[in-house]
Amino acid sequence: MTITDVIRFQKYRYMKIAIVCYPTFGGSGVMATELGIALAARGHEVHFITYRQPVRLALLGSNIHFHEVHVPQYPLFHYQPYELALSSKLVDTIKLHGIELLHVHYAIPHAYAGYMAKQMLAEEGITIPMVTTLHGTDITLVGSHPFYRPAVTFSINNSDVVTSVSQSLKEDTLRLFDVKKEVYVVPNFIDVAKIRKTFVDCRRSMMAPEDEKIITHISNFRKVKRIEDVIKVFYEVQKKVPSRLLMIGEGPEKEGAENLCETLGIADKVIFLGNSNEIDRILCFSDLFLLPSETESFGLVALEAMAHGAPVISSNAGGIPEVNVHGVSGYLSEVGDVEDMVKNALKLLLDDEVLEQFKSNSRAEAMKFDITEVVPLYEEIYRKAFEVKTR
Ligand code: GMT
């Protein structure tokens, strides 16, 4: 490290960071919130700017703040202009709090609004670097739609630094967009120490008798999650192993899933819990996690399951193989191959010794994505962004 590097490092040791994200139960919002909390714990001043307080942001402290974006409703507008309200809020908040760096999660429309804010601030002589983190559907499902692609391409190319949550998403980004920027892979993370401290006893007996296995699925119940496959896998498994299925989340496919359970005669064994703030407790007493998604840039929820010691039976879509290691923390199958998923689930559930081994492997694999490994990578990215800005 040269003396200039040391000075630069010191200068940006503690930063004032604005985080823009979706405040919902979706993976990108959860990740952005956990990152903000972790950065604040490391001494940075963090400002969340979004339309609602993020679901995982329970505690606001002296160096963690939330600024709500209000969109005034006007009857002329068929679509209310959220991007406009967000970019104005960004300009005001950045000026008021002397924010030094902007980190937007999920390109649409956050990178676009962030770019506009940067331009408005530049008019006033304020330069602020913007880091854009791509999360998945902003690239693979929504962003690559021809109606959005030009704006998303522009926003990516005009970010100071771009990150993606997996190697697979990076490859998708380069394939689907004409990207002129380097895309850095910074994986999603989990706070393993927090889990170990909070969940010494998860009181499993409250949920199921000792001889019954608990299988879990958590998602936003969109089409890409292949909810029907979750039910079909469970239907076959419960014929051989006394078990119950916990379905956590809300979304368009939920009603169909409930109907399918009725049709298959397993409604009494499948519990739909809706959105929950108790994901950690539920995963703590889960024996197995199902994630048969059509596409998944990373599969944060699989990582959360593994950290709690629940092996994962999943598809091999997108970035899932970077998280769930076949034959170690669970098994991977081709998308839609329910039969193979059933076979793999039974391998684990029919042999307690094997299941225990996979549970312990899952915890070990999750350690690779511990917060202590990943948050410093973001700090490094921020330093890079400052260098781009000051060049
Ligand atoms: O589709 C979702 O599950 C929500 C979506 C989001 O952006 O909130 O999740 C994406 O981002 C997560 C966090 O980085 C990833 O773990 C998910 O794999 C990714 N979802 C998809 O790519 C479908």
Side-chain angles (χ1 to χ4, degrees), residues 19-36 38 50-52 54-57 103-111 131-145 148 152 162-173 175-176 183-190 217-227 229-230 247-254 275-276 279 283 289-307 312 314-324 332 335 366 369 371 374-375 377-378 381:
I19 293 184
V20 177
C21 63
Y22 283 103
T24 54
F25 283 93
S28 63
V30 166
M31 209 57 257
T33 310
E34 298 290 354
L35 174 63
T50 180
Y51 60 83
R52 219 176 29 232
V55 286
R56 292 232 182 148
L57 189 64
H103 188 174
V104 302
H105 290 261
Y106 205 92
I108 306 169
H110 300 149
V131 175
T132 297
T133 292
L134 309 172
H135 277 275
T137 44
D138 48 349
I139 294 299
T140 52
L141 276 185
V142 192
S144 56
H145 191 285
Y148 290 127
V152 175
V162 181
T163 75
S164 80
V165 298
S166 63
Q167 181 60 31
S168 151
L169 182 60
K170 173 178 175 170
E171 284 157 21
D172 284 341
T173 308
R175 181 171 49 82
L176 294 166
V183 177
Y184 297 92
V185 176
V186 181
N188 288 332
F189 62 85
I190 189 116
H217 171 78
I218 305 174
S219 77
N220 50 26
F221 285 65
R222 301 223 172 100
K223 248 196 158 36
V224 286
K225 303 296 173 183
R226 296 187 66 97
I227 302 296
D229 289 0
V230 174
M247 299 286 278
I248 292 94
E250 294 287 347
E253 302 293 304
K254 190 176 161 201
N275 283 333
S276 171
I279 296 298
L283 289 173
F289 190 83
L290 301 180
L291 191 67
S293 306
E294 180 93 40
T295 88
E296 203 72 67
S297 67
F298 183 91
L300 177 61
V301 74
L303 174 60
E304 292 182 320
M306 285 160 55
V312 177
S314 68
S315 70
N316 58 5
I320 300 179
E322 294 171 49
V323 183
N324 181 23
L332 302 164
V335 173
F369 299 92
I371 194 164
V374 180
V375 175
L377 300 180
Y378 272 118
I381 289 289

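Just so you know, ligand 1 is whichever comes first in the structure, and atom 1 is the first atom listed for that ligand.
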Those protein residues which place at least one heavy atom below 4.0 Å from ligand 1: Gly26, Gly27, Ser28, Tyr106, His135, Gly136, Thr137, Val165, Asn188, Asn220, Lys225, Thr295, Glu296, Ser297, Phe298, Gly299, Leu300
Using only heavy-atom distances, determine whether the side chains of His105 and His135 contain a donor-acceptor pair under 3.5 Å. yes
Does a side-chain heavy-atom distance below 4.5 Å link His103 with Leu35? yes
Can you name the residues that form a salt bridge (Lys or Arg N to Asp or Glu O under 4.0 Å) with Glu322, not counting sequence neighbours? none
Only one of Glu294, Glu250, Glu253, Glu296 clears salt bridge (charged side-chain N to carboxylate O under 4.0 Å, His left out) with Lys225; which? Glu296
Can you name the side-chain contact (heavy atoms from CB on, under 4.5 Å) partners of Arg52, sequence neighbours left out? Pro23, Thr24
Restricting to side-chain contact (heavy atoms from CB on, under 4.5 Å), what partner residues turn up for Pro109, sequence neighbours left out? Tyr22, Tyr82, Glu83
